[in-house]
Amino acid sequence: MAESSPSKQNLTFDPYEFLKIKLNPNGSLTRNYVVPTVPPSSDPNNSPPQPALSKDIILNASTKTSIRLFIPNPPPASSSGKLPLILYFHGGGFIMYHPSSLIFHQSCSTFAAEIPVVVASVDYRLTPEYRLPAAYDDAVESLLWLKSQAQNPNESDPWIRDHVDFTKCFLMGNSAGGNIAYFTSLRALDLDLSPIKIEGLLLNSPFFGGVQRTESELRLINDHILPLPAGDLMWTLSLPEGADRDHVYCNPTVSDVVYGEKIGQLPRTFINGYGGDPLVDKQKEVAKILEAHGVPVEPYFCEDGHHAVEIFDRSKAQALVDYVKKFILSTVPPQSSM
């Protein structure tokens, strides 16, 4: 490695073993998940009571994608007005997890209950079986699905029809999901989504990179959550064949060149990051690019914390919920009840 670094990389480190994955001869992955999955819970009388109700609906049968919907439990009365909607993209380096993965199911339940909002968590196709831009394609399809729900109330899901204010929609993603939310919002600029209105973009510890190492990557090369070789492997398995980390999907400086002034059309954006995350310098770079194009940005960068800290630290998890709630309610104030 050409760069000098404050800490030396562990040369015996096996990123496949660390991520608990195995690359098969046909190019697919065997994933040995340590995070359990949970079924949806749509019965408000279940014991113990759930903070939010949830159910799965098919997005595209041919690509085997779906959406897990979450609404507060109990659902709000019609007299209290309809709720904003978060279209949510889970993390996992593009290669792992699902809306039913416990950590993401719990996060979406908490958002739905505490903000309150309706959450539509997208089960996009994973890499390397379906390399990028497949996940972006699925995300755009979920936006078009939402548009069809708004346009066809007689055929839409009752939870969506009865509880969603389609003029108050947000795209949100965690880690790789933050990357997906960012590029989906850029693609959405070319779509007629009426009557859907995207009011904001929420990026929690978004996953970006580049060939040139940042100071935070070098400082945290052997990070216990996202060591550099593991992050590199995720990009190798996710980017189009033959691409390096200076591809537009990975490097925000390149995406700035590719999308240019279009970035300035993005909605108000929240970016959350932590000083102990190897990705934090790239996250700050994204914030600066957005600000340079005139996008209103609400950055929250803590000196402490690490990548995915909300999974392990309840106070950080609650702080994220509070930040997201503040951002959404300040962007689209709730309707006053009659």
Going by heavy atoms in the side chains, are F208 and C250 under 4.5 Å from each other? no

Take D190 and K262, measure what side chain to side chain contact (heavy atoms under 4.5 Å, CB included) needs, and give me the verdict at the end. CA-CA 10 Å; D190 296 326; K262 182 177 281 191; 2.9 Å; yes

Do I225 and V309 land in one hydrophobic cluster if side-chain heavy atoms of ILVMFWY residues count as linked below 4.5 Å? no

Heavy-atom count around Y130 OH within 6.0 Å, excluding the residue itself: above 12? no

Can you confirm whether the side chains of T167 and D165 place a donor and an acceptor under 3.5 Å from each other? yes

At their closest point, which heavy atom of G260 faces which heavy atom of H293, and how far apart are they? O-CE1, 3.2 Å

Do L189 and L87 belong together in a cluster built from hydrophobic side chains that touch within less than 4.5 Å? yes

Does some side-chain heavy atom of V295 sit less than 4.5 Å from a side-chain heavy atom of I289? no

Which distance, rounded to the nearest 0.5 Å, do you find between the OH of Y97 and the CD1 of I103? 5.0 Å

Nearest heavy-atom neighbours spanning S185 and L266: OG-CD2, 3.4 Å

Salt-bridged, D232 to R245, with N to O below 4.0 Å? yes

Starting at CD of Q212, measure out to OG1 of T253 and round the result to the nearest 0.5 Å. 11.0 Å

Side-chain donor or acceptor of D43 paired with backbone N/O of N45 under 3.5 Å: yes

Under a 3.5 Å distance rule, please check whether N179 uses its side chain to pair with a backbone N or O of F207 as donor and acceptor. yes

Are any of the side-chain nitrogens in R268 or E298 under 4.0 Å away from the carboxylate oxygens of its partner? yes

Taking the six-membered ring for Trp, is the centroid-to-centroid distance between F70 and F111 below 6.0 Å? no

Just wondering, are more than 12 heavy atoms of other shown residues or ligands nearer than 6.0 Å to CG in L144? yes

Donor-acceptor pair, D313 side chain versus K316 backbone, under 3.5 Å? yes

Identify whether the distance between the nearest side-chain nitrogen and carboxylate oxygen of E285 and K282 falls below 4.0 Å. yes

Verify, without hydrogens or angle tests, whether T65 (side chain) and N60 (backbone) share a donor-acceptor contact under 3.5 angstrom. yes

In this structure, CG of L19 is separated from CD1 of I95 (nearest 0.5 Å) by 5.0 Å

Taking all heavy atoms of G92 and all of A176, pick out the closest pair and write down the distance. N-CB, 4.4 Å

Option among D256, V254, L132 that satisfies the side chain to side chain contact (heavy atoms under 4.5 Å, CB included) test with V248: V254

Would you confirm whether T127, through its side chain, and F94, through its main-chain N or O, come within 3.5 Å as a donor-acceptor pair? yes

Taking the side chain as everything from C-beta on, heavy atoms only, tell me whether I328 gets closer than 4.5 Å to F270. no

So for atom CD, which belongs to E17, do other residues, nucleotides or ligands contribute more than 12 heavy atoms lying within a distance under 6.0 Å? no

Is there a donor-acceptor pair closer than 3.5 Å between any side-chain N or O of S156 and the backbone N or O of P153? yes

List the atom of L83, the atom of P76, and the distance in Å for their closest heavy-atom pair. CD1-CG, 3.8 Å

So, does K325 use its side chain to make a donor-acceptor pair with the main chain of E114 at under 3.5 Å? yes

Under 4.5 Å between any side-chain heavy atoms of L29 and L237, yes or no? yes

Just by modelled atom types, is the L53 backbone N or O under 3.5 Å from a matching donor or acceptor in the S41 side chain? no

Do the non-hydrogen side-chain atoms of S42 and W159 ever get within less than 4.5 Å of each other? yes

Going by side chain to side chain contact (heavy atoms under 4.5 Å, CB included), H105 matches just one of C108, S101, S109. Which one? S109

Listed by chain and number, what are the ring pair (Phe, Tyr, Trp, His ring centres under 6.0 Å) partners of H90, not counting sequence neighbours? F104, Y124

For a 4.5 angstrom cut-off between non-hydrogen side-chain atoms, does L320 reach N204? yes

Is I58 reachable from L126 through a run of hydrophobic residues whose side-chain heavy atoms are each under 4.5 Å from the next? no

Could you tell me whether E199 and K197 have a side-chain N and a carboxylate O separated by less than 4.0 Å? yes

Run the numbers on T30 and N24 for side chain to side chain donor-acceptor pair (under 3.5 Å), then give the verdict. CA-CA 7 Å; T30 297; N24 300 314; 3.1 Å; yes

Close side-chain approach of L23 and Y16, heavy atoms under 4.5 Å: yes

Going through the checks in order, is the side chain to side chain donor-acceptor pair (under 3.5 Å) test met by Q318 and D322? CA-CA 6 Å; Q318 187 60 51; D322 293 343; 3.0 Å; yes

Start with the C-alpha distance between L202 and T269, add both sets of side-chain angles, then the distance that settles side chain to side chain contact (heavy atoms under 4.5 Å, CB included), and finish with yes or no. CA-CA 6 Å; L202 298 109; T269 300; over 6 Å; no

State the CD-OG1 distance between E310 and T110, to the nearest 0.5 angstrom. 11.5 Å

Is the shortest side-chain heavy-atom distance between I67 and D123 below 4.5 Å? no

Taking all heavy atoms of I180 and all of A135, pick out the closest pair and write down the distance. CD1-CB, 3.9 Å

Before accepting this row, confirm whether a basic side-chain N of the pair D138/K64 lies closer than 4.0 Å to the acidic partner's carboxylate O. no

How many angstroms lie between OG in S121 and NE2 in H98, if you round to the nearest 0.5 Å? 8.5 Å

Whether Q149 side chain and D157 backbone form a donor-acceptor pair below 3.5 Å: yes

Please say yes or no: joined through hydrophobic side-chain contacts below 4.5 Å, possibly via intermediate residues, are L226 and Y274 part of one cluster? no

Are F312 and H306, when compared by the centres of their aromatic rings, separated by less than 6.0 Å? yes

Presence of salt bridge, E129 and R31, under 4.0 angstrom: yes

Go through the steps to decide whether R131 and E241 satisfy the test salt bridge (charged side-chain N to carboxylate O under 4.0 Å, His left out), and finish with yes or no. CA-CA 8 Å; R131 288 178 176 266; E241 292 278 6; 3.4 Å; yes

Heavy-atom nearest pair, P195 first then A150, reads CG-CB, 3.6 Å

Can you sort out the partners of Y136 under ring pair (Phe, Tyr, Trp, His ring centres under 6.0 Å), two or more places apart, ordered by chain and number? F183, Y249

Kindly say whether P278 contributes a backbone atom to a donor-acceptor pair with the side chain of S216 at under 3.5 angstrom? yes

Nearest 0.5 Å, please: how far is CG in N32 from NZ in K20? 8.5 Å

Run the numbers on R187 and D137 for salt bridge (charged side-chain N to carboxylate O under 4.0 Å, His left out), then give the verdict. CA-CA 9 Å; R187 286 189 175 199; D137 295 340; 2.6 Å; yes

Are any of the side-chain nitrogens in K82 or D162 under 4.0 Å away from the carboxylate oxygens of its partner? no

